[in-house]
Amino acid sequence: MSTRYNFRENEEKWQAAWKQASVYKAKEKGSKYYVLEMFPYPSGRLHMGHVRNYIIGDVFARFKRALGYSVLHPMGWDAFGLPAENAAIQHGVHPKTWTLQNIQLMREELQSLGISYDWTREILTCAPDYYSHEQKIFLDFLKQGIAYRKESFVNWDPVEGTVLANEQVIDGKGWRSGSPIERRKLFQWFLRITDFSQDLLDDLEPLNHWPEQVKTMQINWIGRSEGARILFSLIETNQVLEVFTTRPDTIFGASFLGISPDHPFVENLAKKDPALQTFITECRARGTSQKEIETAEKKGFNTNFTVQHPFLKNHTLPLYVANFVLMDYGTGVIFGCPAHDERDYDFAVKYQLTILPVIKGSNDEPSPYEGDGVLINSSFLNGLTVEQAKKEVIHRLVSKKLGKPEVSYKLRDWGISRQRYWGCPIPIIHCPTCGIVPVPDQQLPVKLPEDVVFDQPGNPLDLHPTWKYVACPTCGQAAERETDTFDTFFESSWYFARFCSPHDSAPFNKEMAEFWMPVDQYIGGIEHAILHLLYSRFFTKALKKCGYWDLSEPFQNLLTQGMVCHETYRDQAGVWIYPHEVEKREGRFVKISDGSFVKIGRSEKMSKSKCNVVPAAKIIEAYGADTARLFMLSDSPPERDFEWSEAGIEGNWRYLNKVWRLIVSHLINLQNIDLSKVPLTFTEKALETRKHTHKTIAHVTQCIERFHYNRYIAYLREFSNHLEEFSPSESSEKWALYEALHTFVLLISPALPHLAESLWEKLGHSSFVINQAWPKADPYLLIEEKAMLAIQINGKMRGTLETSPHLTEDEAKELVLELPFVKAQIQDKALIKFIYVPGRVVNVVF
RNA sequence: GCGGGCGUGGUGGAAUUGGUAGACACGCCAGACUUAGGAUCUGGUGACGAAAGUCGUGGGGGUUCAAGUCCCUUCGCCCGCACCA
């Protein structure tokens, strides 16, 4: 009898059998459960981060299937994106070829993991069959006023003559050219996500099964704040500048007005002021990323204009152009109150502006003081609290017609134009006569041309010799196609809907979508906490507005999983090297090629640049899918980072074999008895095993429901340790063993589906274990009659006492105070307190 | 800079949400067995101590009969910041 489990043979066998029987095909009947993992970008090979994500989802999908749900568990490819174009530039391979090859490889790897996907629903976002639908969706957005065009900034590389992604801007310079980047304005398409700000905020609250931190991040991102809009008139002209502030109460501490360099007023002014023009150019000599803008040194430019203070006659404030004032937030103009705002304070110190405290805290706080307090130096506001003062100022502004209350959001409209080839073409035609003309429905899809070249800077679509030249659909005159493509977040904002009816001629079938949606359990990386999830939520609402469905939120439950990390290694020269180039010899790590010592770095997120990646395919090849699955599940809870190690995978491989031996070696104990009859009485030993079996069912079920997968595996190990030592001597014990082994195999099946099938077969079944119902724990076998009571004296642990968990406080007191070690400690001192938590702890305080 | 997290033995992590810290493993140590293996089995393993015991959940302070868990403060690391996906 083989003592080793042949994973290669068995995994292949069961994968083929499942496929043959179409067991994972989703059917629209009964109670549905939609499990979705974030689909991958086909970057080349499946990495451990993907593997972890899909295994987490698979365990849950299999569990729900066993509980009797109709499960939808699909997979697809987020196939448009920048890396394909980079590959085209670097290696001369066409983005489509590169992408499809990657998908082919990754699909095979994914299938070898034995994940329960319904592959008949596979989606490729780069296929016209997918992206044509989003052109339709875009045109519907346009009709509803959700899509529009405006000018906005991009990262411009003046050497390459190309727009760069933020990722391609490193320290303010282009990644290839090394040339300083400038912000340049371009007409681009936007989606009015800001129209949904309040809905996106309000609908977050009932999402009880989303991680609190994700909700908090989204709330902060949307950034609702209540404040006031205040009008300031310029002394020198009769113009008015509008300021949004959340601190109108500090108006008497205002010492300057700061205006964004990108404000139209400033741009106008600069036409006649070369010095200001130079200042603006300086401010724009960096990328568009928020981090870059906010960490830049604070700089100002005195316009020599002044504005009238709304409440103080003969009091004016200087107007500075300030690089830290963002045009995208509020009105692009602020009033600076240096005594009570950090940034204003720094600015005032630099430009020697007045710093007048107007709020007094309870102590003498150092400037700037951003806390609560009582108003001082503030005319009619003196003595009021901050809250009261805000109300009063707004009231007075309204009566003077110099302002009004206002709610503002940090959330900005979503720019979806990309000046790139490998994306979905925006279905718009620019006509010199008719202007912007949507491509008519019957002319959809606008397909991406394949005959493009990447040997010159700029967008290959724009440079294509013929593609963009078309007749205007309205007047028939010569016109040009829009050559920008969609942001690839567009594809991932509705793919979950497409999965419900992936071959439908509409973007999705309403009936099907309303059957499967919302996604019951969504799983993906925490790095998507804001953008992808917010955009998908927005799309769901926008699609509702366009009549696609009657749904407001796409994802009922959300699990954000942690990253997969690995130790990093460097050779003697300090060059990063891969784990497979390293070996442990006599307790030290050496480079296999030359035996030199290897420097071990700390564990970091697996990345190609640090060479600490372990390819999924290699692991599956060496240990099999079930071992990889087990390791991924057993070591860390899903939401935490996962530490990949050679020792870890080895240990789990050994456990797999242990399970195999456990069942196989017990088979002899199940012979020659009638297992179909439940015995009327059980020996104490049999009963103990039965209790263990049912407690394990209860524990495991709860652990899986709560995604405590590492504890799920821990309970299985504890149970198998028990079963290893169990040797039945009479028939009720044999029956208890039979029950235990069958239950064990059922319980491991979501985690180790191939091994479970093999063992199920060994136990004499010809059906699939994955089609079996999930076991139910017998409540009578879960009852505890004994509890270990912890005895504390003055809060310190001093011993334990085995008792019934149902003792009354008086009974417990009587028992505990008679214990010798308790008596010895108390002696004749008076008892002050006796604390009793039934079944858990007593604390004797004297 | 702004927003959100995390921190428990040599290692990954447990700890019915304030009630016996270290479940379950990995590693290590000792032993057994053997057709000498990437095998299996048994025992040990938080630190200090001969023991009684003392100390222990990044550091400091606090609340409580009782703190890994709650509060304040501090340090370190990670994620996101709107054109990577």
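We use all heavy atoms of the structure for the numbers below, so side chains are in, but hydrogens, waters and symmetry mates are not. In what follows, every chain begins at residue 1, and chains take the letters A, B, ... in the order their sequences are listed.
If you take CZ of Arg343(A) and P of C2(B), they are 9 Å apart, rounded to a whole angstrom. For the pair Gln561(A) CD and A85(B) C1', the interatomic distance rounds to 14 Å; values are reported in whole Å. Look at NZ on Lys291(A): it is 11 Å from P on C79(B), rounded to the nearest Å.
Residue Asn657(A) has no polar side-chain atom (N or O) positioned under 4.0 Å from OP1 or OP2 of U40(B). Phosphate contact (OP1/OP2 of G4(B), side-chain N/O of Asn220(A), threshold under 4.0 Å): present. Here Arg418(A) does not reach the OP1 or OP2 of A82(B): none of its side-chain N or O atoms lies under 4.0 Å away. Lys796(A) has a side-chain polar atom (N or O) that falls below the 4.0 Å cut-off from OP1 or OP2 of C55(B). In terms of phosphate contacts, Ser289(A) brings no side-chain nitrogen or oxygen within less than 4.0 Å of OP1 or OP2 of C81(B). Close to C84(B), at under 4.0 Å from its OP1 or OP2, lies no side-chain N or O of Asn166(A).
Among the protein residues, Lys410(A) comes within range of the nucleic acid bases, having at least one heavy atom under 4.0 Å from a base atom. Heavy atoms of Leu789(A) sit nowhere under 4.0 angstrom from any nucleic acid atom. Among the protein residues, His532(A) comes within range of no part of the nucleic acid, since none of its heavy atoms lies under 4.0 Å from any strand. At a threshold of 4.0 angstrom between heavy atoms, the contacts of Thr216(A) are confined to the sugar-phosphate backbone, with no base atom among them. Counting non-hydrogen atoms under 4.0 angstrom, Leu534(A) reaches nothing in the nucleic acid. Among the atoms of the strands shown, only primed sugar atoms or phosphate atoms (P, OP1, OP2) are found under 4.0 Å from some heavy atom of Thr488(A). Counting non-hydrogen atoms under 4.0 angstrom, Val154(A) reaches a base of the nucleic acid. Within the nucleic acid shown, Val837(A) comes within 4.0 Å of at least one base atom, counting heavy atoms only. At a threshold of 4.0 angstrom between heavy atoms, the contacts of Leu82(A) are confined to the sugar-phosphate backbone, with no base atom among them. Residue contacts shown for Ala529(A) are absent, as no nucleic acid heavy atom lies under 4.0 Å away. Residue contacts shown for Val163(A) include a base, since a base heavy atom lies under 4.0 Å away. Within the nucleic acid shown, Asp328(A) has no heavy atom closer than 4.0 Å to any nucleic acid atom. The residue Met788(A) sits close to a base: some heavy atom pair falls under 4.0 Å. Contacts of Gln792(A) with the nucleic acid, taken as non-hydrogen atoms under 4.0 Å apart, include base atoms.
G56(B): no Watson-Crick or G-U partner with both key distances under 3.5 Å is found in any strand. In a base pair of the Watson-Crick type (N1 to N3 plus N6-O4 or O6-N4) or a G-U wobble (N1-O2 and O6-N3), with each distance short of 3.5 Å, A85(B) is matched with no nucleotide. Across the strands present, G27(B) finds its partner in U45(B); the criterion is a Watson-Crick or G-U wobble pair with both atom distances under 3.5 angstrom. Taking a pair to require two hydrogen-bonding distances under 3.5 Å in either a Watson-Crick or a G-U wobble arrangement, U40(B) pairs with A32(B). The base-pairing partner of A21(B), taking Watson-Crick or G-U wobble contacts with both distances under 3.5 Å, does not exist among the strands shown. Base pairing of G3(B) is made with C79(B), judged by Watson-Crick or G-U wobble geometry with both donor-acceptor distances under 3.5 Å. A 3.5 Å limit on both hydrogen-bonding distances identifies no Watson-Crick or G-U partner for A15(B). For G9(B), there is no paired nucleotide, since no Watson-Crick or G-U wobble pair has both relevant distances below 3.5 Å.
In the interface, the side chain of Asn843(A) is paired with the base of C65(B) through a donor and an acceptor atom under 3.5 Å apart. Put simply, the side chain of Gln419(A) and the base of C83(B) share a donor and an acceptor less than 3.5 Å apart. In terms of polar N and O atoms assigned as donor or acceptor, the side chain of Gln188(A) comes within less than 3.5 Å of the base of C83(B) in a complementary pairing. One N or O donor and one acceptor, one from the side chain of Tyr623(A) and one from the base of G38(B), sit under 3.5 Å apart.
U40(B) and U35(B): their C1' atoms are spaced 14 Å apart (whole Å). As rounded to the nearest Å, G68(B) and U8(B) have P atoms that lie 14 Å from one another.
Note: Trp494(A) and Tyr130(A) meet the aromatic proximity criterion, with ring centroids under 6.0 Å apart. Between Phe347(A) and Tyr345(A), the distance from one ring center to the other does not fall under 6.0 angstrom. Aromatic ring centres of Tyr409(A) and Phe196(A) lie farther apart than the 6.0 Å criterion allows.
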remark   = Nucleotide by nucleotide, nucleotides 9-17 of chain B touches protein heavy atoms under 4.0 Å in the pattern (B base, S sugar-phosphate only, - none) ---SSSSB-
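Here the side chains of Val154(A) and Gln188(A) are in contact, with some heavy-atom distance below 4.5 Å.
Note: Phe39(A) and Tyr495(A) have parallel aromatic rings, judged against thresholds of 30 and 60 degrees for the angle between ring planes. Using a 30° and 60° split on the angle between ring planes, Phe7(A) and Trp653(A) fall in the perpendicular class, above 60°. By the 30° and 60° cut-offs, the orientation of the rings of Phe642(A) relative to Phe631(A) is perpendicular.
Considering CG of Leu801(A) and CD1 of Ile791(A), their distance stands at 5.0 Å, rounded to 0.5 Å.
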Are any protein N/O atoms closer than 3.5 Å to N/O atoms in nucleotides 32-37 of chain B? If there are, list each pair with its distance.
none

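For Arg717(A), whose side chain is taken as the heavy atoms from C-beta onward, the closest listed nucleotide among C24(B), C83(B), U20(B) is C24(B).
Cation-pi geometry between Lys150(A) and Phe190(A) is met: the NZ or CZ atom falls under 6.0 Å from the ring centre, inside 45° of the normal. Cation-pi geometry between Arg717(A) and Tyr655(A) is met: under 6.0 angstrom from the ring centre, within 45 degrees of the axis.
The only option from Phe489(A), Tyr131(A), Phe486(A) that meets the ring-ring contact (aromatic ring centres under 6.0 Å, His included) definition with Phe80(A) turns out to be Tyr131(A).
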key: CA sep, side-chain torsions, deciding dist, call: Arg183(A), Asp262(A), salt bridge (Lys or Arg N to Asp or Glu O under 4.0 Å)   = CA-CA 11 Å; Arg183(A) 263 182 284 159; Asp262(A) 303 322; 3.4 Å; yes
task = Determine, stepwise, if the pair Arg418(A) / Asp487(A) fulfils salt bridge (Lys or Arg N to Asp or Glu O under 4.0 Å).
result = CA-CA 6 Å; Arg418(A) 297 292 179 271; Asp487(A) 175 6; 3.1 Å; yes
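Base orientation of G60(B): anti, the glycosidic angle falling outside 90° of 0.
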